[in-house]
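Below is one structure; the comments refer to it alone.
Proteins come first, then strands; the chains are lettered A, B, ... in the order of their sequence lines, and each starts at number 1. None of these values were measured; they are calculated from a predicted model.
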Number of protein chains: 2
Amino acid sequence: MTGTELKRLTKRRVETRRRLHQAALEEFAERGFGVVTVEQVCAAAGFTRGAFYSNFDSLDELFLSMWEDRSRALLADLDEVLAAVDPGEVRSVRQVVELVDRAVGLDDAWFRVTAEFSAHALRDPALRRVMAAREEAIVAMLASVLQSFLHGAGRRAEDPKVLALALVAVHDGTSLQCLTEPDDPRPRLRRLDLFERVVFAYTVESTGESA
Amino acid sequence: MTGTELKRLTKRRVETRRRLHQAALEEFAERGFGVVTVEQVCAAAGFTRGAFYSNFDSLDELFLSMWEDRSRALLADLDEVLAAVDPGEVRSVRQVVELVDRAVGLDDAWFRVTAEFSAHALRDPALRRVMAAREEAIVAMLASVLQSFLHGAGRRAEDPKVLALALVAVHDGTSLQCLTEPDDPRPRLRRLDLFERVVFAYTVESTGESA
DNA sequence: TGTATCGAATACACGGATGTATCGAAAGAG
DNA sequence: CTCTTTCGATACATCCGTGTATTCGATACA
């Protein structure tokens with residue numbers, strides 16, 4: 001695996017990469033990138049380094065690949081879950097907030113890994129672009145789904161994207177607070193409350209229908 | 001420097017530690033913890049590793065020491081700056097927000113280093129406590145100073161600490177957005193806007209005086 | 001000024017992670 | 001079923017960072 005030459009993605013290869021991704025996620029979450037060695041990831045995946053070097057050039061590449069992959073998967077999941085909701089059943093802003101919060105979830109391992117990814121991205125323009133692209137995708141999805149949910153709650157966002165950006169920022173900031181005090185339920189409650197107030201702050205009453 | 005034995009802090013020692021702290025901040029911000037070696041930090045500080053091992057046990061210890069030290073210094077600065085403001089001159093929420101935002105600033109290097117510190121803290125209970133303590137100090141300071149500023153703007157927070165916690169979360173989340181797109185001024189503007197709306201969302205009109 | 005302590009420089013030994021080159025087994029094509 | 005290709009395992013050479021033990025200069029103190 002040298003340079004940018006594309007290897008054919010046979011079934012075996014795909015499976016190997018999948019297991020390495022998974023192992024990388026676990027190891028990086030548990031011990032942290034920069035501490036974990038190639039060999040540790042391989043061991044956790046049940047391989048030797050031969051498999052690794054046949055699939056990736058460096059730990060950095062594996063990290064990026066893993067993060068992008070899982071990032072996509074999570075976004076797709078979120079999209080699916082929210083698409084399955086009947087917008088007609090949403091009656092209040094509080095409901096919207098709880099719905100989205102539940103759908104997003106709060107995965108400790110993933111947040112840890114993402115925190116480190118962010119830290120790296122702040123130093124690497126290429127990674128920054130990756131992060132920016134992902135955020136844009138989230139914002140776009142949120143914006144559209146929020147608008148349809150808020151309709152049922154009798155509200156309308158003036159600029160859905162700005163609202164979505166605000167919610168993402170709040171999500172990031174409060175996640176850190178939640179996971180810094182993992183045994184304390186209060187940050188979770190404050191988070192929901194803040195979500196709700198922000199939604200109100202960026203929406204107006206939508207004249208027309210609603211409860 | 002083995003174990004927890006306390007070396008007497010002579011002038012020379014203090015100066016050496018200061019330079020190592022400074023060099024660590026720069027190197028970690030530039031290249032990232034986990035990539036930087038002991039030797040690189042020492043070189044950046046104009047020392048060899050002898051000085052390092054005479055003052056610290058490991059890079060981790062230096063990182064923690066440096067972060068705590070600077071963290072304290074920044075908080076003290078912030079306190080000083082805000083204490084110098086005449087609360088009587090604050091007339092609007094917008095002014096409060098801009099004041100605090102200006103005082104906090106947005107130091108790229110410091111944010112990078114803190115991002116990595118957070119990532120580590122999510123894995124290490126001892127570091128988590130350090131972070132929590134610092135957050136508490138910030139919140140306490142913000143809460144008190146906000147209350148006095150808001151008074152001039154004709155508003156009053158029901159629970160100043162909750163407001164402060166919300167603002168800290170918003171600050172963290174939006175900082176990431178700002179530094180992810182360093183050349184785009186819009187995140188900065190959105191940030192101020194979000195601050196302002198959150199302040200309104202967590203305060204009520206204070207009957208009595210004000211403009 | 002002489003002496004003792006302190007602190008940073010230097011030298012060295014060790015471990016361990018990386019990446020490559022080679023081999024053998026398993027999967028896939030005809 | 002055979003032949004070919006692919007891919008992971010193994011072995012090896014190399015490099016680099018660490019931490020310690022020792023030295024030597026500087027600084028404080030009497």
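- Taking atom OH of residue B:Y53 and atom P of nucleotide D:dT22, one finds them 18 Å apart after rounding to whole Å.
- Checking D:dT18, C:dT20, D:dG8 against every side-chain atom of B:E39, the shortest atom distance belongs to D:dT18.
- Taking the side chain as every heavy atom from C-beta outward, A:L64 and A:F117 approach each other to under 4.5 Å.
- Around CD of B:E30, the count of heavy atoms belonging to other residues, nucleotides or ligands within 6.0 Å does not exceed 12.
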Original post:
Using a cut-off of 4.0 Å between protein heavy atoms and nucleotide atoms, how would you tag nucleotides 23-30 of chain C 5' to 3' with B, S and -?
Top reply: --------

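- By the 30° and 60° cut-offs, the orientation of the rings of A:F63 relative to A:F28 is perpendicular.
- Residue A:R13 places its side chain closer to D:dC7 than to any other of D:dT18, D:dC7, C:dG7.
- Taking side-chain N and O atoms only, A:N55 has a distance below 4.0 Å to OP1 or OP2 of D:dG8.
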Original post:
Reading DNA chain D 5' to 3', how would its secondary structure be written in dot-bracket notation, given Watson-Crick and G-U pairs with both distances under 3.5 Å, brackets [ ] for crossing pairs and | for partners on other strands?
Top reply: ||||||||||||||||||||||||||||||

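- With 3.5 Å as the limit, one finds a donor-acceptor pair spanning the side chains of B:E26 and B:Q22.
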Would you tabulate the nitrogen or oxygen pairs shorter than 3.5 Å linking the protein to nucleotides 9-14 of chain C?
unit_1, atom_1, unit_2, atom_2, d
C:dA9, OP2, B:T48, N, 2.9
C:dA9, OP2, B:T48, OG1, 2.8
C:dA9, O5', B:T48, OG1, 3.3

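- Here the CZ atom belonging to A:R17 is positioned 10.5 Å from the CZ atom belonging to A:F52, to the nearest 0.5 angstrom.
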